[in-house]
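Order of listing sets the numbers, starting from 1, for every ligand and every atom in it.
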Amino acid sequence: MEVAEQKECQGYASLNILSSPLTIDPSLPLPHIKNHIVELCKNMFKDWSKLDDSCFLVERISGGITNLLLKVSVKEENCVDVSIAIRLFGLNTDSIIDRQRELQATKYISAAGFGATWLGVFGNGMVHSFIIANTLTPSDMREPKQAAKIAKQLQRFHQVEIPGSKEPQLWNEIRKFFEQASVLEFDDIKKQKIYETISFAKVHDEIVELKEVTDRLNSPVVYAHNDLLSGNVMINNEQDKVYLIDYEYASYNYRGYDIGNHFAEYAGFDCDYTFYPNRNEQYHFFRHYLQPERPNEVAREDLETLYVEANAYALASHIFWALWALIQAKLSPIDFDYLGYFFLRYKEYKRQKDKYLLLPRSYIAGCKINGNIHSGIKLV
Ligand SMILES: Nc1ncnc2c1ncn2[C@@H]1O[C@H](COP(=O)(O)OP(=O)(O)OP(=O)(O)O)[C@@H](O)[C@H]1O
């Protein structure tokens, strides 16, 4: 365990967020990590500082592909069992994830009652309360009952106010990822050869075209989660509670992007896009998103507007995660076929591009002809 510079944790004491300068190398073997985690807990939680090490049970939570998630169960002196979740940031993730932005988001989103209670921050990770709920799978997420709950919670999430710039981040992030992803070099010759088959000039043109069309949709800017895959949704059905967790990519963004990105995740990591929601399934989601209390009263034109937005921005989601995957292919120590993931997302982008770019074009043209500008779509 190393001690990071104290300044990294400054500023959180005033929020009742515990802080520790300790860092733990996530590449260490798990038994070593567990020892360091106990040390960290004792360092952060003063009530636990004198407990014997045997009072701590540290277990790995499976699920994430970026970070290491651990559950710590603590037997306190009064025989009360307390559980917390500790997230160790994955190695080399700082070039992909803006950790300061994530901490800022976590502070406000957690205060607004979403996700777990944020308890502390340390050199390379965060501590949260342990959520007692089921993590969804892609097939759970597609169930109409769960989709309605997620839509309703997402609508609330989109109303969170975060201080600072409200500029949507989508194109800034895509630009940043493009710059990094287009100049990679792989030591592995096989990987390098596969990488060289990608035409970045073409990817660039696609980005320019996509931005040009989606900009004209004037999709409302909201505080967006930006990574609403099944593993980031936890539901406790008995208590009827929905938790949207993991704010690594959260930022102000287009509502259509957050929803389109969520729909793209119906396909799971296997990218089986036969599961991408059809128009009826999407409308079901939109009804509960737009009017959670009166879902059957949503106006047809509002459903159509959101349909055009979500599917056009789902294309942007393919580009975003395709570029992300290339950077991960180079930097991540995790054993996942990130290069393969690039091709799956980019292939789906190309397969759907004509259909989902034609929609906004016709929609905008239709608005022009009818002189009828629908609520969410204005010509600019
Ligand atoms: N506070 C918590 N309480 C209980 N379980 C949790 C908590 N936070 C995360 N988990 C579990 O750990 C899993 C991984 O968490 P998380 O999504 O934060 O990791 P990640 O590495 O960022 O994942 P990914 O990169 O795939 O989004 C979640 O799917 C959930 O099952």
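- Heavy-atom contacts of T135 reach the following atoms of ligand 1: 29 (O), 30 (C), 31 (O) (cutoff under 4.0 Å).
- For ligand 1, none of its N or O atoms has an N or O atom of F130 under 3.5 Å away.
- Taking the six-membered ring for Trp and thresholds of 30 and 60 degrees, F56 and W48 have ring planes more than 60 degrees apart, a perpendicular arrangement.
- Numbered from 1 in the order shown, with element, the atoms of ligand 1 that lie under 4.0 Å from a heavy atom of A116 read 1 (N).
- Ring-plane geometry between Y195 and F200 is classed as tilted, the angle between the planes lying from 30 to 60 degrees on a 0 to 90 degree scale.
- Under 4.0 Å from ligand 1, the heavy atoms of S129 that appear belong solely to its backbone.
- For ligand 1, the atoms sitting less than 4.0 Å from at least one non-hydrogen atom of D227 are 27 (O), numbered in the order shown with element in parentheses.
- Heavy-atom distances between K71 and ligand 1 stay at or above 4.0 Å for every pair.
- Numbered from 1 in the order shown, with element, the atoms of ligand 1 that lie under 4.0 Å from a heavy atom of I61 read 11 (C), 12 (O).
- Distances between N or O atoms of N67 and those of ligand 1 include at least one value under 3.5 Å.
- When non-hydrogen atoms are compared, ligand 1 lies under 4.0 Å from the backbone of I131 as well as from its side chain.
- A salt bridge does not link K34 to E39: none of the charged side-chain nitrogens sits closer than 4.0 Å to a carboxylate oxygen.
- Aromatic ring orientation, H158 versus Y289: perpendicular (interplanar angle above 60°, classes split at 30° and 60°).
- Sorted by first and then second residue, the salt bridge (Lys or Arg N to Asp or Glu O under 4.0 Å) pairs involving residues 78-87 (not counting sequence neighbours) are K75-D81, R87-E102, R87-D246, R87-E248.
- Each of R279, K355, Q282 was checked for a side chain to side chain donor-acceptor pair (under 3.5 Å) with N311, and the lone residue meeting it is Q282.
- Checked by atom type, the side-chain pair N124/T23 shows no donor-acceptor distance below 3.5 Å.
- Within the set L69, D246, V127, the minimum heavy-atom distance to atom 27 (O) of ligand 1 is found for D246.
- Contacts of R87 with ligand 1, taken as heavy-atom pairs under 4.0 Å, involve the side chain alone.
- Residue contact check: G231 has heavy atoms under 4.0 Å from atoms 28 (C), 29 (O) of ligand 1.
- Applying the 4.5 Å side-chain rule to ILVMFWY residues, one finds that L91 remains a lone member of its cluster.
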